[in-house]
A.B. asks: 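Before anything else, here's the structure in question.
Both ligands and their constituent atoms are indexed starting at 1 by order of listing.
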Amino acid sequence: MGSVLLPVSLLLAATCLVSGSPPTPSGPFWVHINPEVKAVRPGGSVWLNCSHSCPLPESSSLRTQLQQGGMLRGPGWISYQLLDVRAWSSNVRCVVTCAGETREATATITAYKRPDSVIMEAPVLVGHKYTLRCYVTHVFPVGFLVVTFKRGSRVIYFESLERFTGPNLANVTLTYVVRAGPNDLWQPLTCHARLNLDGLVVHSSSAPVMLTVQALSPVAKALASTSIAALVGILLAVGVAYVRKCLEMQSQ
Ligand SMILES: *[C@@H]1O[C@H](CO)[C@@H](O)[C@H](O)[C@H]1NC(C)=O
Ligand SMILES: *[C@@H]1O[C@H](CO)[C@@H](O)[C@H](O)[C@H]1NC(C)=O
């Protein structure tokens, strides 16, 4: 055994003499972080691998506001775990110092969640008005959400929820009261939820619903009596035409 080990230790000693001590990088060293951009679910975790070309770094660290978890090391790399990511967007810097020189690589971790559902309640006409109500469930970050109500293809209302800065998934309910117009009964109503995340746009829409008429509302009565009047008018006209035709036939 000793005879086998001896040449190896001689070889190591020789390598040390050749490369010099302490080891210094030849030219500028590099630092990489992988992945550089990563999206996670809010509350999720992620591993980032920071690698470098420095033979013997004086220091290396990960600088971030996010909570750090586990760590794995290998030659030329350290992998860091980040926990409970709740900020919409976080910068992470891997900083390595080698032979007095400091370099860094940065990554961006984002957290968002497409809504589980966007549901538009079927509105009921009450008097001259109806209320649109839309439920957006399990969405994040709410502060980047814009909710839009449409009648047919026309936007009738939109709201940006910038003021909500909570760190958790949320359910959002939006209501808007609309004055009924003459064509409102025949157009589909939809609700649209859009997350606009610095260029990444996540869009979800509700199924279309139709406005229904409450049995005894004055507008409903008015609408109903208008259509009855129109029907009566048509029947009368047909009746008159029929009578006229009969008379013509009899006179022939
Ligand atoms: C980290 O990156 C290095 C260099 O690319 C690679 O050799 C190593 O396997 C990676 N480690 C993990 C835990 O992914
Ligand atoms: C949001 O709504 C879903 C489904 O309606 C419900 O299960 C959940 O508990 C709600 N979450 C919050 C935070 O209110």
Side-chain angles (χ1 to χ4, degrees), residues 23 25-64 66-88 91-98 102-109 111-123 131-147 149 159 161-175 190-195 202-207 209:
S26 50
F29 76 107
W30 50 258
V31 179
H32 288 324
I33 196 161
N34 185 41
E36 285 181 326
V37 179
K38 178 77 181 169
V40 300
R41 278 189 148 226
S45 63
V46 62
W47 283 90
L48 291 181
N49 188 343
C50 181
S51 52
H52 56 78
S53 64
C54 181
L56 196 64
E58 282 148 44
S59 71
S60 69
S61 61
L62 197 74
R63 302 202 184 149
T64 177
L66 295 169
Q67 188 188 329
Q68 298 196 27
M71 194 196 281
L72 289 171
R73 273 172 198 278
W77 59 268
I78 305 179
S79 210
Y80 300 91
Q81 187 187 29
L82 298 173
L83 302 171
D84 196 29
V85 181
R86 284 182 191 277
W88 138 241
N91 281 320
V92 181
R93 294 157 59 218
C94 172
V95 183
V96 178
T97 302
C98 187
T102 299
R103 288 180 176 260
E104 64 178 60
T106 58
T108 305
I109 309 301
Y112 74 89
K113 167 74 181 45
R114 169 188 289 278
D116 276 353
S117 56
V118 178
I119 298 165
M120 180 83 143
E121 207 175 68
T131 301
L132 295 177
R133 187 166 285 120
C134 179
Y135 304 98
V136 182
T137 65
H138 273 209
V139 62
F140 183 85
V142 178
F144 289 72
L145 186 68
V146 177
V147 179
F149 289 125
E159 188 163 337
L161 302 173
E162 280 153 10
R163 61 190 183 280
F164 295 96
T165 54
N168 294 312
L169 285 174
N171 291 336
V172 176
T173 303
L174 255 99
T175 47
T190 48
C191 173
H192 303 260
R194 189 163 55 93
L195 278 174
V202 178
H203 186 258
S204 314
S205 303
S206 73
V209 297

A.B. asks: Identify all N/O pairs between ligand 1 and the protein with a separation under 3.5 Å and present them as a table of atom names and distances.
C.D. replies:
| from | atom 1 | to | atom 2 | distance (Å) |
| --- | --- | --- | --- | --- |
| ligand 1 | 2 (O) | Asn49 | OD1 | 3.3 |
| ligand 1 | 2 (O) | Asn49 | ND2 | 2.3 |
| ligand 1 | 11 (N) | Asn49 | ND2 | 2.8 |
| ligand 1 | 14 (O) | Asn49 | ND2 | 3.3 |

A.B. asks: Would you please say whether a donor-acceptor pair under 3.5 Å links the side chains of Ser206 and Thr190?
C.D. replies: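 Distance-only check fails for Ser206 and Thr190.
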A.B. asks: Look only at interatomic distance and state if Asn171 has a nitrogen or oxygen under 3.5 Å from any nitrogen or oxygen of ligand 2.
C.D. replies: yes
A.B. asks: Check the orientation of Trp88 and Phe144. Use parallel for under 30°, tilted for 30 to 60°, and perpendicular for over 60°.
C.D. replies: tilted
A.B. asks: Only one of Asn171, Val147, Leu169, Leu195 clears side chain to side chain contact (heavy atoms under 4.5 Å, CB included) with Val139; which?
C.D. replies: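 Passing option: Leu195.
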A.B. asks: Do you know which of Thr64, Val92, Val46, Leu62 makes side chain to side chain contact (heavy atoms under 4.5 Å, CB included) with Tyr80?
C.D. replies: Leu62
A.B. asks: Using the rule given for side-chain contact (heavy atoms from CB on, under 4.5 Å), can you reason through Cys191 versus Val118, listing the C-alpha separation, both sets of side-chain angles and the distance that settles it, and then say yes or no?
C.D. replies: CA-CA 7 Å; Cys191 173; Val118 178; 3.9 Å; yes
A.B. asks: Looking at every heavy atom in both Leu132 and Met120, which two are closest together, and how far apart are they?
C.D. replies: CD2-CE, 3.7 Å
